[in-house]
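Data first, discussion second: the structure below is written as structure tokens.
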Amino acid sequence: MRIKVVKLLLKKELLDVFRDHKAVIMLVLVPLLVYPLIFFSAFGVMTLIQKSINETEYRVLLDTDDGGLLEEQIRLYNQKNLEAGEESTEQLLVVHKSFSGLDDVDELLQNEEIDVYVTSEMSSDGRITYSTRYVSSITSSNYGEIELKEVLDELSDKQTREMIDDAGLDSESIMDPFDIERNNIASTEQSAGSILGMILPFMMIISLLMGTMYPAIDTTAGEKERGTLETLLTMPVKNHEIIMAKFLTVAIMGIISALLNLLSMGIMVAYLIRVVSLGSDTLGFDISGFHVATFIPASIVTILAVFAFSLFISAVTMCVAAFARSYKEANNYITPVTLVVMMTAYIGFIPNVELSSGMAMVPVANICLLIKNLLLFKTDMGTVLIVLLSNVIYSGFAVLFLGRIYNSEEILFDEGGSNLSLFQRRKNMKAGGTPTAADAWFVVCLVLIIYLYLGSLLQMKYGLRGVLYSQLLVLIIPLIVVIYTKCDIRKTYSLRKFSALDLIAALLLFAGTFIVESTISSFLYTYFKEDFDSMNSGLTDILMNKSIAVMFLVVAIAPAICEELMFRGFIQSGFGRSYKPVTTIILVSLIFGAYHTSLIRFLPTALLGACFAIITYYSKSIIPGMLMHCFNNSVAVIQMNYPGWLEQTFPLIFEEEPTVLSSVILAVIGILLIYGGMMIFIHKKNIFKKDFQKENDIKDN
């Protein structure tokens, strides 16, 4: 890579971004002007609302037969507030209005002529029951009832003490038998960090996302829309140099945006501290002992985390935006990414979520928890390094994927096969062919949404039958699209014959993948044992007391048919029209992993999905992959019906707590089997190419 060329391209990309007024507005004006304006406006409005509430007089209509007890207590309550010297106090005003019944009272309440109506009833043992009537949807009525409840509590406490004193006992020692002295040993910085640790990580993640999103769209989809990408690609520069310049541009813009947002938030926090310092009890600790210098080490590591996450989120947003043909389309593609990032960033608000070694490898969540721990002065260099390195590694993989996108003219310039044909008029559709990539993406989103909502309802209502119905949804929805768009069912679902060599290669490839997947699952099980057990127990509960034939049908046969026809059939054939084989296989496997909605099982499931996709690609038939899928799920049926049998028969593969040595041996065996299966497939493909070339040569002669 030529550094000088990358520098020139980087300069060009930065100038293009800064010439875009929208990018500059989002980068500078929003964090430095809009956010503070929103904050101070909201703070001012909340202050005015609170002041208005505090200065409001709540009108109480009394219809009580208690000898004036409640009215006297209200007078004492108002007097106490006035003697406290508060500028704004809630006052309860006793009003006298004539009424003929509850209907009249309700009308007075609804018309806001009174806020609370109180009655009393004396029981046979002399006990008084007070009843309040109010309208919770009216603010003054709701707050008035809350204040009146406080008065009633004080009256109850007062009468209780009087009754104890009348009995010749000490009301103080009985009502307050012990004192409570709370000693918070947390420093002011720790207390402040616990509050900032919930808010700051989320704000930083969102600011980085917003800062990288628009430059990522502009340098990819925006350049396509302007028609300047073709010119750039004809220059005497390499694709990876272009990608690196664009990637660094987006990352730099994200870092600048994050730092400006930090500055803006720092000003707002400083203002808030200054306001709150006049009444430190609001926060529960004394803000006067707060020392900013204590946070300098945490700030340095936080900046490194910002840099690492900026690399990751820049690469991800660029990969997504690169598939779009226009600025508008890229915004639509980025929206799901934004939602996923925001939902994951909420982990900072969840208490008792620790930054374990496993969590340190989860994108977005690891950065949030790291910053939260730093603000709480919890530092573990091991997890810090895992978080930083994992983000750099993930961004590296994303950049490699971006490089494949820029090497594909079909993706960059949308040369056929990516338009959504589903919403065209059916009479204009041509029969034959396979779905487009856009059709495949649409079905992925549609099936996932329906499966999550309707599938969950079916499983809760019908149990085992609901699981089967959910699988049928996965089969039927793509099939309807195939029929409606007049696609060739045989081509779409790869319903072709396969050879014995294909089956042997598929068995070797699957056996190797299964061993590697089992090794990874065993490794994950050591960190997420409870999650694995709860997930397995859910399936066991549904299948409890069912025959092995029913289990085999629901767990092995139905998923193998339905899921393979959708993922390795409909989706793989649709993606294959626009993307290269490697890209198609990666996308299909990732979607397959996400479809099973389990974070801890995502990697093993995606690995199996890649295995089935490779088998389908090389064999040109969906049936070998379907057989391997069925075999894989059959293992779960055997484990449920014959617990311990697999562990005894194949101890090396199925042992619960494998040693490091056994894991390495298994991984090596698995890789060798995968290599053997791939070599058979590749050799068979080369033979096919040679035979095809010979036939063409004979025809030419």
Side-chain angles (χ1 to χ4, degrees), residues 217 220-221 224 316-317 319-340 405 408 410-456 470-489 491-494 562-580 583-597 606 609 613 616 622:
I217 293 173
T220 52
K224 289 184 191 180
V316 170
T317 50
C319 285
V320 174
F323 286 97
R325 294 166 294 176
S326 64
Y327 209 99
K328 182 179 178 181
E329 188 177 343
N331 272 296
N332 294 333
Y333 289 173
I334 289 289
T335 299
V337 177
T338 306
L339 293 175
V340 170
I405 294 174
S408 173
E410 291 84 0
I411 298 175
L412 285 181
F413 304 114
D414 192 42
E415 294 182 356
S418 65
N419 293 321
L420 186 63
S421 61
L422 184 62
F423 296 119
Q424 298 177 10
R425 289 188 176 182
R426 195 166 189 271
K427 64 180 181 180
N428 296 332
M429 297 178 184
K430 293 182 179 179
T434 57
T436 64
D439 290 332
W441 280 114
F442 177 81
V443 168
V444 166
C445 298
L446 181 64
V447 170
L448 188 59
I449 292 170
I450 293 176
Y451 184 82
L452 285 174
Y453 290 96
L454 183 57
S456 300
S470 301
Q471 291 294 332
L472 291 176
L473 286 174
V474 175
L475 172 67
I476 292 170
I477 293 172
L479 184 61
I480 291 172
V481 175
V482 169
I483 294 171
Y484 180 80
T485 54
K486 301 180 181 179
C487 292
D488 188 311
I489 294 179
K491 289 181 180 178
T492 299
Y493 290 114
S494 300
C562 300
E563 292 177 8
E564 286 304 305
L565 287 174
M566 176 179 167
F567 291 100
R568 263 64 64 176
F570 186 93
I571 296 174
Q572 186 161 329
S573 63
F575 286 173
R577 286 186 59 177
S578 297
Y579 312 142
K580 289 186 175 181
T583 305
T584 298
I585 290 169
I586 292 173
L587 287 175
V588 170
S589 61
L590 292 177
I591 294 169
F592 184 66
Y595 160 82
H596 286 79
T597 60
T616 303
I622 201 170

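Quick caveat: nothing in here was measured; it's all calculated off a predicted structure.
Remark: the backbone N or O of A324 is paired with a side-chain donor or acceptor of K224 at under 3.5 angstrom. The main-chain N or O of N331 is found under 3.5 Å from a side-chain atom of T335 such that the two form a donor-acceptor pair. Under a 3.5 Å cut-off, the side chain of T583 and the backbone N or O of Y579 do not form any donor-acceptor pair.
The NZ atom of K430 sits 11.5 Å away from the NZ atom of K486 when rounded to the nearest 0.5 Å. The distance from the CD atom of Q572 to the OG1 atom of T584 is 7.0 Å, given to the nearest 0.5 Å. Atom-to-atom distance recorded for M566:CE and Y595:OH is 7.0 Å, nearest 0.5 angstrom. The CD1 atom of I477 sits 10.5 Å away from atom CG of L472, with the distance rounded to the nearest 0.5 Å.
By the side chain to side chain contact (heavy atoms under 4.5 Å, CB included) test, V482 pairs with C487, I489, T492, Y493, F570, sequence neighbours left out. In this structure, the side chain to side chain contact (heavy atoms under 4.5 Å, CB included) partners of S470, at least two apart in sequence or on a different chain, are Y451, L458, Q459. Partners of E564 according to the side-chain hydrogen bond (donor to acceptor under 3.5 Å, both in side chains) rule, which considers only residues two or more places apart in sequence or in another chain, are R568, H629. Under the rule for a side chain to side chain contact (heavy atoms under 4.5 Å, CB included), the partners of A321 that lie at least two apart in sequence or sit in another chain are I217, T220, A330. When the ring-ring contact (aromatic ring centres under 6.0 Å, His included) test is applied to Y333, no partner is found at least two apart in sequence or on another chain. Partners of L590 under the side chain to side chain contact (heavy atoms under 4.5 Å, CB included) rule, at least two apart in sequence or in another chain, are I586, F602.
With contacts defined as side-chain heavy-atom distances shorter than 4.5 Å, the pair I334/T317 qualifies. Considering only heavy atoms from C-beta on, L473 stays 4.5 Å or farther from V447 through its side chain. In this structure, the side chains of S494 and S573 stay at 4.5 Å or more apart for every pair of heavy atoms.
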Check: Hey, mind stepping through F592 and E563 against side-chain contact (heavy atoms from CB on, under 4.5 Å) and telling me if it holds?
Finding: CA-CA 9 Å; F592 184 66; E563 292 177 8; 3.5 Å; yes
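Across all non-hydrogen atoms, the minimal contact from S578 to A437 is OG-CB, 3.5 Å.
A donor-acceptor pair shorter than 3.5 Å can be found between the side chains of T436 and D439.
In this pair, W441 and F575 present their aromatic rings tilted. The plane angle is within the 30 to 60° band.
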